Amino acid sequence: MKTKTLNILLALTLCLTIFDQAYAQSKKKIEKIFKASEIVNNHYTGFALYDPAKDKMVYELDANKPAIPASNTKIITLYTALNMLGDSIPGLRYITKGDSLIFWGTGDPSMMHPDLKSTKVYDFLKNSNKKLFYSHSNASADFAGSGIYTIAMVSLPIVENTAQAYAGPDGKVHLKPEFLNTYLKEDTSYHPREFSVRRDERTNTFSYPTMTIPADFKQTVYLVPGAELTQKTLTEVLGKPVNVTNMALPEGAKTVYSILADSLYKRMMLPSDNYLAEQILYVCSSTLPGKLSVNAAIAHSSKNYLADLPDLFQWQDGSGLSRNNYFSPRSIVKMLIKTRDKVGDEQRLLNMFPVGGVSGTLRTAFKTDNGVPFVWAKTGTLSNVRIQGGYLVTRKGKKFIYSFMNNNFLIPSADISNEMVRIMTMIREKY
């Protein structure tokens, strides 16, 4: 009996030794790839490759050091939404009081969105036989992004909170919604290189130059949010009066749901839509007490969902536009693991990520293997920042989760992007 037990222990020891040797060899192979690279060794490069089947890191390069994740921040936004929202997006909160319907926005960006094409909130308001009252009382003045590019949060955005400037049949510039034309003026001191409409920094007033307008002129202009803008836009698009009230949102308010959550998340992730990312966190905050706030959603998620990240992090916005976001490669890998586990279904998960050689921001980056994709990953791009984080399947069928972070480089960004693709493709081929 003792001999049998000893033989079993020896066999287990041998298996573990072989396993450790195999991992050591894999680590050396990947380390050799990175050391041989003429691109990734002249700036900060962080890398982590994780084997989910073995629940073990295969290779790490400065993987504990925080870096700017750019749009990989959207992975954290996605995970937050998966935890805070259900399978459909809350589009509106409302109560009825006598002959009146009073409603509040949730931050849902899908109403009349050109790609999402949600009509449920529109139909609910359009078909109501009650007097409509919009309350802006739960909105806050959140702004997200860098000092150069900011996004204003909107409690009830319509058509992405935008106006369309266009050349009319009369040869003049016009705005839609039409009520905004009252605030459109010619400005003889405005001299752009080509015809364009300029919005005032703080108000919805617009100017255009003394130039001939091209017949095919079209321009999208983001608007400054507010109760009056929402009220007037709704009045125009619904074709019926909408009034404004400042009533506080009561606890017993009912909810109108708009679109399936996955369709919104996919639209955020594939083209890396910054506006949707911020609005999604705004919607998440609608499930919390108090006013709508991206900061409130970030604080709640950080405390309740991100406490197990392996390294210290700093999280400022939903989109990754801010250069004050900092996550390590190990933490990004952990977020990808958590997202996979939360979603549960692999096909559903991969549908929400850009596919190498097929879709989203990776459509032209990778090539498929005879039509078969092998990488599903979120990219990240800012000045001097190039990031990838996602899921990889090797030629032998092994599945890996990885984070590849590049910060502070001074060479052309295309060189960095191409090198990331080359290295991930080599890992695909060798493992």
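All figures in this text were calculated on a predicted structure; none of them were measured in a lab. The figures here come from the full heavy-atom set of this structure, side chains too, leaving out hydrogens, waters and symmetry mates.
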| Closest non-hydrogen atom pair, Gly107 against Gln279 | O-NE2, 2.6 Å
| query | Would Asp51 and Lys56 satisfy salt bridge (charged side-chain N to carboxylate O under 4.0 Å, His left out), going step by step from the backbone distance to the final call? | reply | CA-CA 5 Å; Asp51 184 343; Lys56 186 172 182 178; over 6 Å; no
| task | Anything under 30° is parallel, anything over 60° is perpendicular, the rest tilted; go ahead and classify Phe313 against Phe327. | result | parallel
| said: If only side-chain N and O atoms count, and only distance matters, is there a donor-acceptor pair under 3.5 Å linking Lys74 with Ser71? | reply: yes
| Any donor-acceptor N or O pair under 3.5 Å, side chains Asn351, Gln347 | yes
| query | Between Tyr305 and His300, what is the ring plane arrangement, given parallel below 30°, perpendicular above 60°, and tilted in between? | reply | perpendicular
| Side-chain donor-acceptor pair under 3.5 Å between Asn41 and Lys35, yes or no? | no
| request: Would you please classify the geometry between the Phe404 ring and the Phe47 ring as parallel, tilted or perpendicular, with 30° and 60° separating the classes? | output: perpendicular
| With a 6.0 Å cut-off on ring centres, are Tyr134 and Phe103 close enough? | yes
| field | Least distance between heavy atoms, Ala70 atom then Thr381 atom | value | CB-N, 3.5 Å
| task | Please identify each residue that fulfils side-chain contact (heavy atoms from CB on, under 4.5 Å) with Leu349, with sequence neighbours left out. | result | Thr339, Arg340, Val343, Phe353, Tyr391
| query | With no hydrogens and no angle check, do the side chains of Tyr402 and Gln388 hold a donor and an acceptor under 3.5 Å apart? | reply | yes
| said: Can you see whether Ser137 engages Trp104 through a side-chain donor-acceptor pair at a distance of less than 3.5 angstrom? | reply: yes
| query | Ignoring hydrogens and geometry, is there a side-chain-to-backbone donor-acceptor pair from Glu236 to Phe179 under 3.5 Å? | reply | yes
| task | Say whether Thr361 and Ser272, considering side chains only, have a donor N or O and an acceptor N or O under 3.5 Å apart. | result | no
| Is the Phe124-Tyr94 ring centre distance short of 6.0 angstrom? | yes
| Is the NZ atom of Lys291 crowded by more than 12 outside heavy atoms at less than 6.0 Å? | yes
| request: Please work out whether the ring planes of Phe400 and Tyr431 are parallel, tilted or perpendicular, with thresholds of 30° and 60°. | output: perpendicular
| When you check the side-chain N and O atoms of Thr394 and Arg428, is any donor under 3.5 Å from an acceptor? | no
| task | Applying salt bridge (charged side-chain N to carboxylate O under 4.0 Å, His left out), run through Lys28 and Glu31 and close with a yes or a no. | result | CA-CA 5 Å; Lys28 286 181 179 179; Glu31 185 177 30; over 6 Å; no
| query | Are a donor atom and an acceptor atom from the side chains of Asp108 and Ser258 found within less than 3.5 Å of each other? | reply | yes
